[in-house]
There are 2 protein chains.
Amino acid sequence: MSEIEKIMDNLLQEMKRGTLVLTVLLNTDESRYGYSLVQSLQDKGVEIEQNTLYPLLRRLEKQNLLESSWDTSESRPRKYYRISREGRAIRDSLLKEWQRTNSLIETMLSPEDKI
Amino acid sequence: MSEIEKIMDNLLQEMKRGTLVLTVLLNTDESRYGYSLVQSLQDKGVEIEQNTLYPLLRRLEKQNLLESSWDTSESRPRKYYRISREGRAIRDSLLKEWQRTNSLIETMLSPEDKI
DNA sequence: TGACATTACTGTGCATCACACATTATATTA
DNA sequence: TAATATAATGTGTGATGCACAGTAATGTCA
């Protein structure tokens, strides 16, 4: 991988980081378990790996943005996560901020701003 | 500051991080020096501090995404930065990725996705 | 039986920003 | 004249958080 590709990768990664939490919070209105979240996010075009998502889920639970419960009725036990009240508040704020930033970027693209 | 506010701050910060580089690259089509960039970005609603921007500018220069030149003709010397050819390529890719992510988020908000 | 899918968890390293601090010069005001 | 504000650039440290590279175990299908 060339130097410039490495730099590009880093920057893309950095950009993705900020959106991961929002993405998760936008997809846990219904209870979800880690593995299924990985699958469905990937289906939607969000590249996320297990070893990124699992620690993230646990962190969000610790911060009380997600609630969890085990389902042991099936053969393989699954840990289900669902967004909490606080999580919804955070999600909405993050969303607002995202949209604000998006407007800013659009503005920066507009012709009068480009000279 | 309450626990939840701290969490919120962290997340907002995290989200901002990924966009800083793009923001800078979108505002250096004309030569700019650090101080003026801070001012104009703040005017546009992008909160950025000197001690964040200056290291960032130097990093981007090191990565050849920005080019710099000193203007010593005025009383106070100023270091001007301008986006490079590689910088433009990176900027365009980042922008595409941003817009792609924005679409994803919009999709996640759509009713059929919310059950 | 062997390969692959499903499901969860962990430890280390690297990159980056925020915060605090430092430095110099000029302009303004007390 | 002294103090303060503004212009302008720089550095060092700490916290955070993801990616990468694993481990582990069960279920399914060829």
Side-chain angles (χ1 to χ4, degrees), chain A residues 1 3 5-24 31-43 46-63 65-66 68-81 94, chain B residues 1 3 5-24 31-43 46-63 65-66 68-81 94:
Chain A
M1 185 154 55
E3 196 57 31
E5 282 172 325
K6 255 182 264 174
I7 290 169
M8 187 65 210
D9 263 30
N10 260 10
L11 292 174
L12 283 177
Q13 203 173 291
E14 192 73 10
M15 208 160 89
K16 208 171 48 176
R17 283 176 67 153
T19 72
L20 271 184
V21 171
L22 179 54
T23 307
V24 168
S31 285
R32 304 296 288 273
Y33 57 98
Y35 193 82
S36 75
L37 246 183
V38 171
Q39 304 299 324
S40 79
L41 286 181
Q42 279 178 351
D43 286 348
V46 180
E47 286 167 47
I48 188 165
E49 310 240 354
Q50 297 182 354
N51 33 27
T52 298
L53 184 62
Y54 281 112
L56 177 57
L57 288 174
R58 266 179 285 126
R59 190 188 114 220
L60 293 178
E61 186 189 11
K62 203 173 169 188
Q63 295 176 330
L65 308 186
L66 293 179
S68 80
S69 59
W70 280 95
D71 178 356
T72 51
S73 66
E74 302 287 330
S75 56
R76 282 194 221 76
R78 292 168 171 169
K79 193 172 185 182
Y80 279 86
Y81 293 91
L94 283 179
Chain B
M1 186 153 55
E3 198 55 33
E5 282 172 325
K6 256 183 261 175
I7 291 169
M8 187 64 211
D9 262 31
N10 260 10
L11 292 173
L12 284 177
Q13 203 173 291
E14 194 72 10
M15 207 160 90
K16 208 171 48 174
R17 282 176 69 153
T19 70
L20 270 186
V21 171
L22 178 54
T23 307
V24 167
S31 286
R32 305 295 288 275
Y33 57 97
Y35 193 82
S36 75
L37 247 182
V38 172
Q39 304 300 323
S40 78
L41 287 180
Q42 280 179 348
D43 286 350
V46 181
E47 285 167 48
I48 188 166
E49 309 243 353
Q50 297 183 354
N51 33 28
T52 298
L53 184 61
Y54 282 112
L56 177 57
L57 288 174
R58 267 179 281 127
R59 190 189 113 218
L60 293 178
E61 185 188 12
K62 203 174 171 187
Q63 295 176 330
L65 308 186
L66 293 179
S68 79
S69 60
W70 281 95
D71 178 358
T72 51
S73 67
E74 301 289 330
S75 57
R76 282 192 222 77
R78 291 168 172 169
K79 192 170 185 182
Y80 278 86
Y81 294 90
L94 283 179

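Each chain gets a letter, A, B and so on, in the order the sequences are listed, and its residues count up from 1.
- Here C:dA8 is the nucleotide among C:dA20, D:dT26, C:dA8 with the atom lying nearest to any side-chain atom of A:Y54.
- Note: CG (B:L12) to C1' (C:dT16) measures 17 Å, nearest angstrom.
- Contact annotation: B:Y33 side-chain N/O to D:dT9 OP1/OP2 distance is not under 4.0 Å.
- Taking the side chain as every heavy atom from C-beta outward, B:Y35 and B:Q50 approach each other to under 4.5 Å.
- Note: CG (A:L65) to P (D:dG17) measures 11 Å, nearest angstrom.
- Contact annotation for B:E14: backbone-only contact, meaning every heavy-atom pair under 4.0 Å involves sugar-phosphate atoms and none involves a base.
- Closest-nucleotide positions on DNA chain D for B:T52 and A:K16 were compared, and the one nearer the 5' end corresponds to B:T52.
- A:R78 has its CZ atom 8 Å from the P atom of C:dA8, to the nearest Å.
- The shortest distance between side-chain heavy atoms of A:L57 and A:L37 falls below 4.5 Å.
- With C:dC17, D:dT9, D:dG27 as the candidates, the nucleotide lying closest to the side chain of B:L20 is C:dC17.
- Side-chain atoms of B:R78 and B:S36 include no donor-acceptor pair closer than 3.5 Å.
- Contact annotation: B:R59 reaches the phosphate of C:dT16 (side-chain N/O to OP1 or OP2, under 4.0 Å).
- No donor-acceptor contact under 3.5 angstrom links the side chains of A:S68 and A:R58, judged on distance only.
- The base of C:dA15 has none of its N or O atoms less than 3.5 Å from a complementary donor or acceptor on the side chain of A:N10.
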Please report, to 0.1 Å, the donor-acceptor pairs under 3.5 Å made by any side chain of residues 9-17 of chain B, with sequence neighbours excluded.
| residue | atom | partner | partner atom | Å |
| --- | --- | --- | --- | --- |
| B:E14 | OE2 | A:R17 | NE | 3.0 |
| B:E14 | OE2 | A:R17 | NH2 | 3.1 |
| B:K16 | NZ | B:E47 | O | 3.4 |
| B:R17 | NE | A:E14 | OE2 | 3.0 |
| B:R17 | NH2 | A:E14 | OE2 | 3.2 |

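- Nucleic acid contact class of B:R76 (heavy atoms, under 4.0 Å, all strands): base.
- The distance between atom OH of B:Y35 and atom C1' of C:dA25, rounded to the nearest whole Å, is 13 Å.
- Residue A:Q13 contributes atom CD, which lies 10 Å from atom C1' of D:dC20 at whole-angstrom precision.
- Here the P atom of nucleotide D:dT9 and the CG atom of B:L53 are 9 Å apart, to the nearest Å.
- The nucleotide whose nearest atom lies closest to any side-chain atom of B:N51 is, among C:dC9, C:dC21, D:dC18, C:dC21.
- Proximity of A:K6 to the phosphate of C:dA15: no side-chain N or O atom is located under 4.0 Å from OP1 or OP2.
- Interface remark: the B:R17 side chain does form a donor-acceptor pair with the C:dT16 base, using a distance-only criterion of under 3.5 Å.
- Atom C1' of nucleotide C:dA15 and atom NZ of B:K62 are separated by 12 Å, given to the nearest angstrom.
- At whole-Å resolution of the value, CG in B:L56 and P in D:dA8 are 19 Å apart.
- For B:R58, counting side-chain heavy atoms from C-beta on, the closest listed nucleotide (C:dA18, D:dG22, D:dT11) is D:dT11.
- Among D:dA7, C:dC17, D:dG17, the nucleotide with an atom closest to any side-chain atom of A:Q63 is D:dG17.
- B:K79 places a side-chain heavy atom less than 4.5 Å from the side chain of B:W70.
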